[in-house]
J.: 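Could you have a look at this structure, given as C-alpha cells, before my questions?
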Number of protein chains: 2
Amino acid sequence: MRPKNLGKEEAIRTIALQIIAEEGLENLSMQKLAKAAGISPRTIYIKYNDKDDLLVKLYVDVVLSEYEKAILKGFNSEMNFAEGIKKLWLNGFEYLKNNKPYFALIQYGKSSPLLNKAYQKRDIKQGDFFGPIISFLDRNMQAGIIKKFPHDVYRALLFSPILELINEYFDYTERPQQIITDEVILACCEAITKGVTL
Amino acid sequence: MRPKNLGKEEAIRTIALQIIAEEGLENLSMQKLAKAAGISPRTIYIKYNDKDDLLVKLYVDVVLSEYEKAILKGFNSEMNFAEGIKKLWLNGFEYLKNNKPYFALIQYGKSSPLLNKAYQKRDIKQGDFFGPIISFLDRNMQAGIIKKFPHDVYRALLFSPILELINEYFDYTERPQQIITDEVILACCEAITKGVTL
DNA sequence: CAAATATAAGTAAACGTTTATTTACTTATG
DNA sequence: CATAAGTAAATAAACGTTTACTTATATTTG
C-alpha cells in the first residue's frame, strides 16, 4: 500500500492558514488551496471529510491547540498572580506576533459561526484545555487576592486586551513606527492586573 | 420618473445584517439576499455598485456610524474619567445587546480584510468619528489622572473587554442562566478604570 | 385638468465563472 | 500484486453580475 505523504498534509495546513491570513477566510477555496499546495483537490478530501472539517480541524487541532501550548509554556497555576498573568501575556505576544496566520484564524473564530460553534463543542468536552489558567484563577479568587468573577468574565478582562494589542501590532507593521512594543505590553499587563487585584 | 422605494433599500440593509448575524458573512450571497428581501438581484445593484460596496457601506455608514452615535449619547469629553468610561460602557452594552446584527458585523470588522481596510481608510479621513473620546482621553492624560498611552492602546485596554463581554452575553442567551448582567458590566468597568488610573 | 411622455426604478431570466465535491483513472510501495 | 494515496478532469450547484424588458410616477403637453 502506498504510504501517506505527510509533507502534503503539512502543506495543506500551512498554505490554508497563509491564504486565510492574506486574503481572508472568505477567499479560501478548495481549488485555490490545492493549486497553491501543488496537489489535486481530491487529495484534500483524503485527509479531510469536507471544507468545514478542514477549517474546524485547522482551528481547533492546529491553531488553538498550539497557541495554548505556547502561552502555557513556563506557566503553572501555583505562580504569584501578577507573575502568572505577565507570563501568559508575554508568551501570547511573543508567539502570535511571530505566527500571524494563527492569529488571523483566532480572530475569525470570534465571528465565524462555524468556528465559534466548533470551539464551544470541543471546549466543553475537553475541559482541561485552559485548565491551568482556570485553577490559577480559582486559587487566587479563593485566596482573596483578586475579585470574584466567572471564568468567562475573566477571559474578557484579562485576555481580550492582549489580543487587541496584537491586532494593533500587525496594523502597525504597515506603518513607519511600531508602537506596540514589549514595554507597552508590560505596562498594559500591569494595568489590567492592578484592575482586578483586591 | 419612477421614485425610489426607500422601503426596499431599508429591507436590503436590515435583511443583509440579519443573514450575517444568523449565518455568517461567508454565507451572505446577493441572490439569497434578494430572495429574502423579496426583490430582484438587479435592485441591489441600483443602490450599490457591487457586493463589496454594499458590505463596506453597511459596515461604515450603517453599523459603525449608528453604534458610535449610540455610545456617545449623553457623553461629553469634559466628564469625570470614571463617569465617562461608565457612560460609554453602559451605552455600548445597552445598544449592542439589543442590536445583535450590528454586533455581528462589528466582530467581522476585526477579521475580514475588506471591512478592516474600509474602516481604516474612512477613519483617517473622518477624524472626528471617535473625536469626543479622544479628547476625553487626552485631557485626562494631560491632567495626570490616567496613565499615558497612545489612543490605539487605550482602545484595546478600555473597550475590547466590553465587546468580549457582549459576545459572552450573546453566548449565554442560549444557556439556562445569563451571567453577563448590568452588575457584572459595572464591576468590570470599575476594574478597568482602576487599572489605568494613576 | 387630464392624457402623453420621459426616465429611472424595478423585474425575470440569463450570463460566464467559480464553487465544493466526485468520478475514473494512475502511481507508489508494504 | 493488492491497496490506499494521489491525479486530471468533470460534475452540478451557486456565485456575482448583466441583459432585455416592464412599471410607476413627475413632468410636460394639449
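Quick note: numbers below take in every heavy atom, side chains included, and nothing from hydrogens, waters or symmetry partners. Order of the sequence lines sets the chain letters (A, B, ...), proteins ahead of strands, with each chain counted from 1.
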J.: What residues, two or more places apart in sequence or in another chain, satisfy side chain to side chain contact (heavy atoms under 4.5 Å, CB included) together with B:A156?
T.: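 Once residues adjacent in sequence are excluded, the partners of B:A156 under the side chain to side chain contact (heavy atoms under 4.5 Å, CB included) criterion are A:E164, A:L165, A:E168.
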
J.: Listed by chain and number, what are the salt bridge (charged side-chain N to carboxylate O under 4.0 Å, His left out) partners of A:D50, not counting sequence neighbours?
T.: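 For A:D50, no residue satisfies salt bridge (charged side-chain N to carboxylate O under 4.0 Å, His left out) once neighbours in sequence are set aside.
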
J.: Check DNA chain D against residues 5-36 of chain A and give the residues with a non-hydrogen atom under 4.0 Å, in numerical order.
T.: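 Contacts with DNA chain D under 4.0 Å: A:N5, A:K8, A:Q31.
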
J.: A:T43 side chain: which of C:dG10, D:dT19, D:dT7 is closest?
T.: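 Ranking C:dG10, D:dT19, D:dT7 by closest atom to the A:T43 side chain puts D:dT7 first.
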
J.: If you only use heavy atoms from C-beta on, which nucleotide in C:dT23, C:dA20, C:dA9 is closest to the side chain of B:K4?
T.: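 Closest of the options to the side chain of B:K4: C:dA9.
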
J.: Side-chain N or O of A:S40 versus OP1/OP2 of D:dA9: is the shortest distance under 4.0 Å?
T.: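 Answer no for this pair, as no side-chain N or O of A:S40 is under 4.0 Å from OP1 or OP2.
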
J.: So, do B:V196 and B:F81 sit near enough that their side-chain heavy atoms are less than 4.5 Å apart?
T.: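 A side-chain contact under 4.5 Å exists here.
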
J.: Whole angstroms only, please: what is the CZ-P distance between A:R42 and C:dT23?
T.: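 So the two atoms are 9 Å apart, to the nearest Å.
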
J.: Between the protein and nucleotides 26-28 of chain C, list the N/O to N/O atom pairs that are separated by less than 3.5 angstrom.
T.:
| unit_1 | atom_1 | unit_2 | atom_2 | d |
| --- | --- | --- | --- | --- |
| C:dT27 | O2 | A:R2 | NH1 | 3.0 |

J.: List for me each residue that meets salt bridge (charged side-chain N to carboxylate O under 4.0 Å, His left out) alongside A:E10, sequence neighbours excluded, and say none if there are none.
T.: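 In terms of salt bridge (charged side-chain N to carboxylate O under 4.0 Å, His left out), with neighbours along the sequence ignored, A:E10 is linked to A:R13.
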
J.: Residues in side chain to side chain contact (heavy atoms under 4.5 Å, CB included) with A:I179, at least two apart?
T.: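 Applying side chain to side chain contact (heavy atoms under 4.5 Å, CB included) to A:I179 gives A:Y172, B:P150, B:D152, B:V153.
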
J.: Any ring pair (Phe, Tyr, Trp, His ring centres under 6.0 Å) involving residues 9-44 of chain A? Give me the pairs, sequence neighbours left out, ordered by first then second residue.
T.: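 Non-adjacent pairs meeting ring pair (Phe, Tyr, Trp, His ring centres under 6.0 Å): zero.
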
J.: Name the atoms and distances for all side-chain donor-acceptor pairs under 3.5 Å in residues 30-40 of chain A, with sequence neighbours left out.
T.:
| unit_1 | atom_1 | unit_2 | atom_2 | d |
| --- | --- | --- | --- | --- |
| A:K32 | NZ | A:E23 | OE1 | 2.8 |
| A:K32 | NZ | A:N27 | O | 3.0 |
| A:S40 | OG | A:R42 | N | 3.2 |

J.: Kindly state each residue pair satisfying side chain to side chain donor-acceptor pair (under 3.5 Å) with at least one member in residues 179-196 of chain B, sequence neighbours excluded.
T.: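 Every pair satisfying side chain to side chain donor-acceptor pair (under 3.5 Å) with a residue in residues 179-196 of chain B: B:T181-B:E183.
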
J.: Quick one: B:Y45 OH to D:dT19 C1', roughly how many Å, whole number?
T.: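 Rounded to whole Å, this separation is 14 Å.
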
J.: Whole angstrom is fine here: how far is it from CD1 in A:I44 over to C1' in C:dT19?
T.: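 So the CD1-C1' distance, A:I44 to C:dT19, works out to 13 Å.
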
J.: I'd like to know whether NZ of B:K47 has more than 12 heavy-atom contacts from other residues, nucleotides or ligands below 6.0 angstrom.
T.: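 Buried by this count: over 12 neighbours within 6.0 Å.
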
J.: Listing request: all side chain to side chain donor-acceptor pair (under 3.5 Å) pairs with a residue in residues 71-86 of chain B, at least two apart in sequence or in separate chains.
T.: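 The answer is none; no pair qualifies.
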
J.: Please list all pairs meeting ring pair (Phe, Tyr, Trp, His ring centres under 6.0 Å) that have one or both residues in residues 58-78 of chain B, counting only residues at least two apart or in different chains.
T.: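 Qualifying pairs: B:F75-B:F136.
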
J.: Going by heavy atoms closer than 4.0 Å, what residues in residues 46-57 of chain A are next to DNA chain D?
T.: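 Within residues 46-57 of chain A, the residues near DNA chain D are A:I46, A:K47.
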
